[in-house]
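Notes follow the structure.
Numbers restart at 1 for each chain; the letters A, B, ... are given by sequence-line order, proteins then strands. It should be emphasised that the depicted structure is a prediction, and the values quoted were computed from it without experimental measurement.
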Protein chains: 2
Amino acid sequence: MPPANRLLSALPSKDRRRFLSGCESVKLAFGDVLTEPGDPIRHVYFPTQSFISLVMPVSGHSGLEVGLVGDEGMLGISLSLGVDRSPFHAVVQGEGMALRLDAARFCHELALSSALQGVLKRYIAVVLGQLAQTAACSRFHVVEARLARWLLMSGDRAHSPTFHVTHDFLAYMLGVRRVGVTKAASSLRARGLIGYRRGDITIVDRAALESVCCGCYAADNTVYAKVMG
Amino acid sequence: MPPANRLLSALPSKDRRRFLSGCESVKLAFGDVLTEPGDPIRHVYFPTQSFISLVMPVSGHSGLEVGLVGDEGMLGISLSLGVDRSPFHAVVQGEGMALRLDAARFCHELALSSALQGVLKRYIAVVLGQLAQTAACSRFHVVEARLARWLLMSGDRAHSPTFHVTHDFLAYMLGVRRVGVTKAASSLRARGLIGYRRGDITIVDRAALESVCCGCYAADNTVYAKVMG
DNA sequence: CGACGTCTGGACGCTGGCGCACAGAAGGGG
DNA sequence: CCCCTTCTGTGCGCCAGCGTCCAGACGTCG
């Protein structure tokens, strides 16, 4: 069985088969930009092995990552709300496969499957909570804790303790200086929680990393499990 | 004609009449707590003259306001997503009237009106964008700019340049110290942009306040107009 | 194998906001 | 009318993160 997307796995098999038959499997490459804020949504994506960052740009600043979409979610939910523009800058963070569907076809399929409608609505409710959580987190928590959270979230979505990301890129996601990331990361490494080398990061001691990270990580997971499971 | 809620005004008159007949008009008092995170949603509210803060609590911190709901929105959207729990702490910020509907009845009405479904879906899309905007704003912008934004948003929803709020409360909303608010507010007052006295704040020079405030205020309004208008 | 680009690691002073503590001013209730 | 609560204003030392610059380490590609 090939790796799947959890939203689609939740569908009854008839709806799922029907939906999958309309999808194409594409490989997303690191750094690919899938949507720009304000631009029309051409495709929706259901990551299977890949994952995607949602970044909110701010004038005069680098932008801030407000969401991470992996096999537990989808990119382009706005479409299911009847809005054809993306509010976010979406950039591929973890290379890998995703299922893709063009906008018109997605809307068509959505209209045909009330099961899909239900799953996506609940997913949107989760996203609402996660956005709020992220807002509070990036306001209050120190870089080290937020870095830990990011690594855990990415590790989950990469289905692997190792993935590719530079300090520079992390700084962009977290909305801090690159130097700040280097400092936090080297501290985590010194304590044996993670390892890294020229853009490849490895989670070494997951449990310890969880204890360093803020409660937002656990909160997110709890909400997801409660609403979706 | 009594003051209305803009979401409901957007409905075709038949649907609107039907929906309104199921609503009760209630007065919301300053400080009333309407939902707690994780608690079941008993009622949904469509403010007409009142407005409501959505606050995301964070362990070890005071919490952060992530949204403001006035006559342009509603409280309890999660219900329309099939989720009966509120992710937020919702507290009445501006005293006044609102239309209230109990949860079961709301779901029933929603099922009957596809126009209402459409409006609320678009509203949710707006909220998604606003949450992201707020996340970035509270990460990057200085207290003074954020305060200005908050005052403008509240002024809009209060339909009046004057409304009641103490520095203490503002600090809670913005996730900063009360002293930080006092400093920013007194600076704005010294420049003649606002006035205040023991909890009553007045916007004196709206245009100047807009120029002090970050672009997030304008961005929010633009998105709302584009998606809802 | 050498040169260049990329990635990581320090160092500098600076500042916005923090935590705390205290003092004056305005109102409201007994 | 006085006391007590609430609200606003100020002054401390402190620190996380900022902006900037430079240096070393690693890889890759010509």
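The interatomic distance linking B:His61 (NE2) with C:dG17 (C1') rounds to 12 Å, in whole Å. The CG atom of B:Asp200 sits 17 Å away from the P atom of D:dT6 (whole-angstrom rounding). Rounded to a whole Å, the CG atom of B:Leu188 is 14 Å from the P atom of D:dT8. The CG atom of B:Leu174 sits 17 Å away from the P atom of C:dG16 (whole-angstrom rounding). Rounded to whole angstrom, the span from the NZ atom of A:Lys183 across to the P atom of C:dC7 amounts to 22 Å. Between the CG atom of B:Leu147 and the P atom of C:dG16 there is a distance of 16 Å, rounded to whole Å. Here D:dT20 presents its P atom at 14 Å from CG of A:Asp168, a figure rounded to the nearest Å. In this structure, CG of B:Leu170 is placed 9 Å from P of D:dT8, rounded to the nearest angstrom.
Comparing C:dT8, D:dA16, D:dT8 against the side chain of A:Thr166 picks out C:dT8 as the nearest. Of the candidate nucleotides C:dG9, D:dT8, D:dA25, D:dT8 has the atom lying nearest to any side-chain atom of B:His167. Distances from the side chain of B:Thr182 to the nucleotides D:dA16, D:dT8, D:dC18 place D:dT8 closest.
A distance-only check finds a donor-acceptor pair linking the side chain of B:Arg122 to the backbone of B:Val227 [under 3.5 Å]. A:Arg100 places no side-chain N or O within donor-acceptor distance of the main-chain N or O of A:Val44, the cut-off being under 3.5 Å.
Salt bridge status for B:Arg206 with B:Asp156: present, with a side-chain N to carboxylate O gap under 4.0 Å. Contact check on A:Asp205 versus A:Arg191 returns no salt bridge, with no Lys/Arg side-chain nitrogen under 4.0 Å from an Asp/Glu carboxylate oxygen.
The side chain of B:Arg198 places no N or O atom within less than 4.0 Å of a non-bridging phosphate oxygen (OP1 or OP2) of D:dT5. Distances shown here put every side-chain N or O of A:Arg146 at or beyond 4.0 Å from the OP1 or OP2 atom of D:dG17. One finds no side-chain N or O of B:Arg139 lying less than 4.0 angstrom from the OP1 or OP2 phosphate oxygen of C:dG16. For D:dC18, the OP1/OP2 oxygens have a side-chain nitrogen or oxygen of A:Arg177 closer than 4.0 Å. In this structure, B:Tyr196 does not reach the C:dA26 phosphate: none of its side-chain N or O atoms is under 4.0 Å from OP1 or OP2.
For the pair A:Arg189 and A:Tyr196, the cation-pi criterion (under 6.0 Å, within 45° of the ring axis) is fulfilled.
Interface remark: the A:Arg178 side chain does form a donor-acceptor pair with the C:dG9 base, using a distance-only criterion of under 3.5 Å.
Residue contacts for B:Gly199: at a heavy-atom cut-off of 4.0 Å it reaches the sugar-phosphate backbone alone, with no base atom in range. Contacts of B:Val179 with the nucleic acid, taken as non-hydrogen atoms under 4.0 Å apart, include base atoms.
Nearest-nucleotide positions on DNA chain C place A:Val165 closer to the 5' end than the other of A:Val165 and A:Phe140.
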